[in-house]
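Take a look at the structure below.
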2 protein chains.
Amino acid sequence: MTVERFASPDAATVARVVGDGLREGAVVSIEAECEVEYDGRSGGYLGPGDRLVVCKPDGTLLVHRPSGHKPVNWMPGGATIKLEPGESDEDAPLLYARRSNPNEFLRVYLQDVYSVSRFDAEDAVEYQERGTEAEMHEYIESNPETALEAGIRIVEHERETQYGYLDFFAQDADGTPVVVEVKRRQATLNHFDQLKRYMELYRESNPEVRGMLVAPSTSDRVKRALRDNDMEFVRLAEFDVETREASETTLTDFS
Amino acid sequence: MTVERFASPDAATVARVVGDGLREGAVVSIEAECEVEYDGRSGGYLGPGDRLVVCKPDGTLLVHRPSGHKPVNWMPGGATIKLEPGESDEDAPLLYARRSNPNEFLRVYLQDVYSVSRFDAEDAVEYQERGTEAEMHEYIESNPETALEAGIRIVEHERETQYGYLDFFAQDADGTPVVVEVKRRQATLNHFDQLKRYMELYRESNPEVRGMLVAPSTSDRVKRALRDNDMEFVRLAEFDVETREASETTLTDFS
DNA sequence: GATTTCATGTCGGCA
DNA sequence: TGCCGACGTGAAATC
């Protein structure tokens with residue numbers, strides 16, 4: 001049996017299921033009324049309420065409220081999770097997770113456990129992702145003239161500078177060097193800053209060097225900042241999610 | 001009963017529990033072997049394997065593998081979730097979530113549902129957080145001389161400029177203006193960029209203006225970049241998570 | 001709705 | 001291990 005579930009378990013059962021489950025590599029889910037306390041990089045307290053608590057064998061602990069994408073409290077993988085049965089029968093069992101670097105902990109007081117389940121999940125396949133920044137780089141590298149401008153030539157990809165990595169170092173039709181920074185989504189002021197930082201390095205030795213910020217879109221503010229600093233925005237419409245209708249791919253597309 | 005669970009349910013039961021549950025405001029968790037397909041801002045495919053699928057009544061959908069803090073696939077709140085029973089008995093029921101803006105969808109093919117549970121969770125209390133950037137601002141505003149330097153005076157908090165907001169605008173003991181950028185964690189090159197952007201605005205009219213990057217810590221690289229640009233780093237040790245041992249607060253601290 | 005900034009961001013890559 | 005930047009970043013505040 002892959003899933004074992006216990007309704008209204010007592011503290012000892014909860015302790016056993018959590019302890020054995022995690023040690024043996026299972027995912028343990030708990031539906032309970034609980035109180036949560038966190039301290040570390042930030043700190044917080046959540047009073048009594050019903051939540052879904054998920055413990056993974058890698059040390060991940062998630063506390064989910066009935067709404068919201070993010071867990072209200074959590075511990076990323078690598079933490080040590082243990083369950084301490086309450087001292088007396090009235091005491092709530094304590095689900096306790098701690099990690100160092102940074103030093104932090106999470107305490108979940110399980111005041112009323114409605115249900116706990118142990119899930120011996122087998123999941124080995126890899127997630128296949130499409131549409132990453134790496135893909136955008138590949139596209140630009142193979143089609144620089146379509147993507148950027150006629151006559152441009154890529155000289156180097158991922159060039160290291162003393163101020164960090166720049167995406168492409170290129171030369172335009174006239175042989176003028178071009179610093180290219182690529183963003184997969186709408187370019188922000190931070191991205192402008194980043195490009196400018198690289199530009200300053202090259203402009204010292206060659207004031208002619210050009211700077212290109214390449215992205216599916218950007219705001220007017222960023223465009224103005226670029227103009228004010230003699231840099232350029234290049235729109236890569238091919239990667240704009242909003243204009244490209246979410247394509248109705250089917251499973252066979254991945255075969 | 002707050003939690004209702006069904007072991008090895010058939011497609012019709014899964015459809016009923018998911019449909020009724022979400023409509024009636026419950027959290028539905030599914031432990032199943034499934035296949036996942038996503039398309040939208042990015043795209044991806046996850047082959048068959050055992051996962052925990054969580055559906056919330058606000059439209060949140062999470063697919064969790066047995067390890068990792070983040071769901072391998074998800075849909076943030078606001079999506080429309082529906083479950084379509086397979087056409088025939090052999091067809092896997094399809095859990096389908098869609099949203100617009102951006103336009104994207106998630107398909108979870110439930111090939112083998114080990115268990116589905118409906119959790120009518122009641123959770124009304126608010127989460128109380130400590131240690132935010134706002135708190136750091138308050139601290140600096142009330143103790144500028146301890147936090148920053150002797151004789152300094154805060155002139156303005158959250159001043160708007162044509163290039164964005166700066167955290168504090170101050171004057172030192174000599175009356176020289178000081179631009180202050182505050183970060184609640186280790187300051188990065190990006191934060192340096194941000195401060196520099198503001199600085200350039202002020203230096204045009206007054207080359208004497210000072211720039212302060214205030215954070216619990218930063219890297220040597222950032223310190224050097226600051227020095228090279230005649231700006232300063234101010235360490236706010238009070239907010240350093242690493243030096244401050246995770247304090248052993250108790251529930252009573254929040255009363 | 002668009003833009004900007006914060007976050008217990010998390011995650012991965014590389015020195 | 002620490003630093004650095006991408007992310008389907010998400011979420012809040014502001015305009």
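What you see below is based on every heavy atom in this structure, not just the backbone, and it leaves out hydrogens, waters and symmetry mates. In what follows, chains are A, B, ... by sequence order, proteins preceding strands, each numbered from 1.
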I need the CG-P distance between B:D220 and D:dC3, as an integer number of Å.
8 Å
Let me know the distance between OH of B:Y45 and C1' of D:dG8, rounded to the nearest Å.
19 Å
Round to a whole Å and report the spacing from CG of B:L62 to P of D:dG10.
12 Å
Among residues at least two apart in sequence or on other chains, which ones pass ring pair (Phe, Tyr, Trp, His ring centres under 6.0 Å) with A:Y202?
A:F169
Under 4.0 angstrom between A:R197 side-chain N/O and D:dC4 OP1 or OP2
no
Please report the distance, rounded to the nearest Å, between CG in A:N101 and C1' in D:dT1.
8 Å
Between A:E37 and A:Y109, is any pair of side-chain heavy atoms under 4.5 Å apart?
yes
For A:F168, enumerate each residue passing the ring pair (Phe, Tyr, Trp, His ring centres under 6.0 Å) test, keeping only those at least two apart in sequence or located in another chain.
A:H137, A:H157
Only counting residues at least two apart or in another chain, list the ones meeting salt bridge (charged side-chain N to carboxylate O under 4.0 Å, His left out) with B:E33.
none
Short side-chain N/O contact to D:dG5 OP1/OP2 from B:T188, under 4.0 Å:
no
Output all residues satisfying side chain to side chain contact (heavy atoms under 4.5 Å, CB included) with A:D123, sequence neighbours left out; order by chain, then residue number.
A:V125, B:R51, B:R65, B:P66
Nearest-Å distance, NE2 (B:H157) to P (D:dA13)?
15 Å
With a 4.0 Å cutoff (strictly under), does any side-chain N or O of A:N190 reach OP1 or OP2 of D:dG5?
no
Distance in angstrom units between B:L189 CG and D:dA6 C1', rounded:
15 Å
Which letters describe nucleotides 6-15 of chain C, given B = protein heavy atom under 4.0 Å from base, S = only from sugar-phosphate, - = neither?
SBBBSS---S
Atom-pair distance (CD on A:Q186; P on D:dG10), nearest Å
14 Å
Rounded distance in Å between the P positions of D:dG8 and D:dC4
22 Å
Nearest-Å distance once atom P is located in both C:dT8 and C:dT4
22 Å
Please report the C-alpha distance between B:E104 and B:R99 in whole Å, then the side-chain angles of each, then the deciding distance to 0.1 Å, and finally whether the salt bridge (charged side-chain N to carboxylate O under 4.0 Å, His left out) criterion is met.
CA-CA 6 Å; B:E104 43 187 6; B:R99 69 160 174 163; 2.7 Å; yes
Atom CE of A:M136 and atom C1' of D:dG5 are separated, to the nearest Å, by 16 Å
Taking ring pair (Phe, Tyr, Trp, His ring centres under 6.0 Å) as the test, write out the residues that go with B:Y139, two or more places apart.
B:F239
